[in-house]
K.L.:
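Below you will find the structure I want to go over with you.
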Amino acid sequence: MKTVAISFRLAAASAALVMGSAAHADLTIPFAATNSNSVQAFPAENLNAFDLVNLTVEAKGNTTPVGTPVPGETNGTLTAPAFSFPVTKIVIGSKLNIASGSAVGSALYFKRFNDETGATVGFTLANFTIDYVNKKVLADVTPNGGVAAIQRPVYTFNVATPLALKYKFPLTVTGHEVLDQLKLTDEAKGVFTQVLELPEFALFALDFDYGTLTQDISTNLRKTKVSTQPYVAK
């Protein structure tokens with residue numbers, strides 16, 4: 001087992017450092033075995049807007065909540081301030097840069113209680129991909145009881161802290177990156193509005209900043225490898 005771990009670290013470290021010569025264009029590197037994570041943190045303003053319409057966000061699949069939920073100011077709903085998604089793969093593009101990074105198997109469930117109808121409505125975002133070429137975050141979007149729309153654009157983003165890789169002797173590579181100004185795409189606004197049956201007075205909040213995505217990459221191995229099976233909403 002130790003030999004396998006060393007071999008994996010060596011391969012991952014070499015791939016991450018070299019980022020490929022031209023021969024490595026469009027190279028997919030598996031990262032599920034490494035201690036690499038992407039964390040989305042929601043601003044307090046955003047969480048208060050969720051609470052205003054009885055909307056909560058729940059971790060599904062490989063996702064884990066981060067931080068202690070604070071009751072909302074209006075309805076007292078509870079949603080974690082951040083969620084962590086294990087990075088399962090990165091793709092090196094034809095320009096020898098990181099073209100995308102994925103968290104396959106992770107999901108968030110947006111659930112709203114409509115107090116006018118007494119019904120619970122919601123949708124799932126799953127199998128996240130950061131598309132660095134087009135500066136968008138993609139995900140599979142599945143309304144309750146509906147069919148998944150695969151890899152739809154959910155957010156646009158700004159690169160606040162570009163990914164910087166560091167090498168530590170003998171076999172460890174780490175990287176840190178922050179993406180901010182997450183804004184819902186027009187398509188995502190439509191999903192929020194229609195699927196969650198949002199009242200007109202709440203639509204202004206769709207233009208809010210949806211926080212940050214912080215990527216911490218490491219070739220150190222996880223204690224337990226995460227699943228790389230795509231999450232399918234039930």
Side-chain angles (χ1 to χ4, degrees), residues 38-85 103 106-130 135-158 160 178-214 231-234:
S38 177
V39 175
Q40 181 176 5
F42 289 107
E45 181 182 45
N46 197 259
L47 294 175
N48 286 332
F50 288 171
D51 177 70
L52 183 65
V53 292
N54 284 306
L55 171 63
T56 57
V57 185
E58 300 176 4
K60 298 291 184 180
N62 294 337
T63 305
T64 54
V66 179
T68 302
V70 177
E73 295 178 351
T74 304
N75 292 302
T77 59
L78 293 173
T79 291
F83 294 89
S84 180
F85 318 113
S106 293
L108 291 177
Y109 177 45
F110 290 74
K111 179 176 67 175
R112 176 177 180 250
F113 174 72
N114 188 334
D115 53 9
E116 293 185 355
T117 65
T120 297
V121 293
F123 64 86
T124 301
L125 300 180
N127 309 314
F128 302 96
T129 297
I130 299 175
K135 288 192 174 181
K136 292 181 179 179
V137 178
L138 314 177
D140 297 347
V141 183
T142 310
N144 285 359
V147 178
I150 305 301
Q151 295 298 279
R152 305 308 304 159
V154 177
Y155 303 114
T156 58
F157 63 81
N158 171 69
V178 179
L179 309 180
D180 66 2
Q181 299 177 35
L182 296 183
K183 296 296 184 70
L184 292 177
T185 63
D186 289 342
E187 182 174 337
K189 288 180 181 179
V191 172
F192 272 76
T193 302
Q194 297 167 25
V195 176
L196 296 179
E197 302 173 356
L198 293 180
E200 187 173 352
F201 73 79
L203 298 184
F204 74 95
L206 297 178
D207 292 322
F208 280 1
D209 187 334
Y210 274 64
T212 59
L213 277 171
T214 300
Y231 181 86
V232 178
K234 299 178 181 179

K.L.:
Write down the atom of Arg112, the atom of Glu197, and the distance for their closest heavy-atom approach.
P.N.:
NH1-O, 2.8 Å
K.L.:
Which pair of non-hydrogen atoms, one from Lys183 and one from Asp209, has the smallest distance, and what is that distance?
P.N.:
CE-CA, 3.9 Å
K.L.:
Considering non-hydrogen atoms only, spot the tightest contact between Phe192 and Leu206 and give its length.
P.N.:
CB-CD2, 3.7 Å
K.L.:
For a quick test of your reading: what N or O donor-acceptor pairs under 3.5 Å do the side chains of residues 74-85 make, sequence neighbours left out?
P.N.:
from  : atom 1 : to    : atom 2 : distance (Å)
Asn75 : ND2    : Asp51 : O      : 2.7
Asn75 : ND2    : Leu52 : O      : 3.4
Thr77 : OG1    : Asp51 : OD1    : 2.6
Thr79 : OG1    : Val57 : N      : 3.1

K.L.:
With rounding to the nearest 0.5 angstrom, report the CG to OG1 distance, Leu108 to Thr124.
P.N.:
9.0 Å
K.L.:
Does any non-hydrogen side-chain atom of Lys135 lie less than 4.5 Å from one of Leu179?
P.N.:
no
K.L.:
Please list, one pair per line, the donor and acceptor atoms closer than 3.5 Å that link side chains of residues 136-154 to other protein atoms, with sequence neighbours excluded.
P.N.:
from   : atom 1 : to     : atom 2 : distance (Å)
Asp140 : OD1    : Gln151 : N      : 2.9
Asp140 : OD1    : Gln151 : NE2    : 3.0
Asp140 : OD2    : Asn127 : ND2    : 2.8
Asn144 : OD1    : Tyr109 : OH     : 3.3
Asn144 : ND2    : Tyr109 : OH     : 3.1
Gln151 : OE1    : Thr129 : OG1    : 2.9
Gln151 : NE2    : Asn127 : O      : 2.8
Arg152 : NE     : Glu187 : OE2    : 2.8
Arg152 : NH2    : Glu187 : OE1    : 3.0

K.L.:
Please report the shortest heavy-atom distance between Tyr231 and Ser106, naming the atom on each side.
P.N.:
CB-O, 4.3 Å
K.L.:
Using 30° and 60° as the class boundaries, would you call the ring planes of Tyr210 and Phe42 parallel, tilted or perpendicular?
P.N.:
perpendicular
K.L.:
Is it the case that the side chain of Thr193 and the backbone of Gly190 share a donor-acceptor pair, with hydrogens and angles ignored and the cut-off at 3.5 Å?
P.N.:
no
K.L.:
Could you give the distance from CG (Leu182) to OG1 (Thr156), rounded to the nearest 0.5 Å?
P.N.:
7.5 Å
K.L.:
Rounded to the nearest 0.5 Å, how far does CG of Asp180 lie from OG1 of Thr212?
P.N.:
7.5 Å
K.L.:
Calculate, to the nearest 0.5 Å, the distance between atoms OH and CD1 belonging to Tyr155 and Ile130 respectively.
P.N.:
11.5 Å
K.L.:
Would you sort out whether Val53 and Leu196 count as a side chain to side chain contact (heavy atoms under 4.5 Å, CB included), showing the intermediate values?
P.N.:
CA-CA 9 Å; Val53 292; Leu196 296 179; over 6 Å; no
K.L.:
Got more than 12 heavy atoms from elsewhere within 6.0 Å of NZ, Lys189?
P.N.:
yes
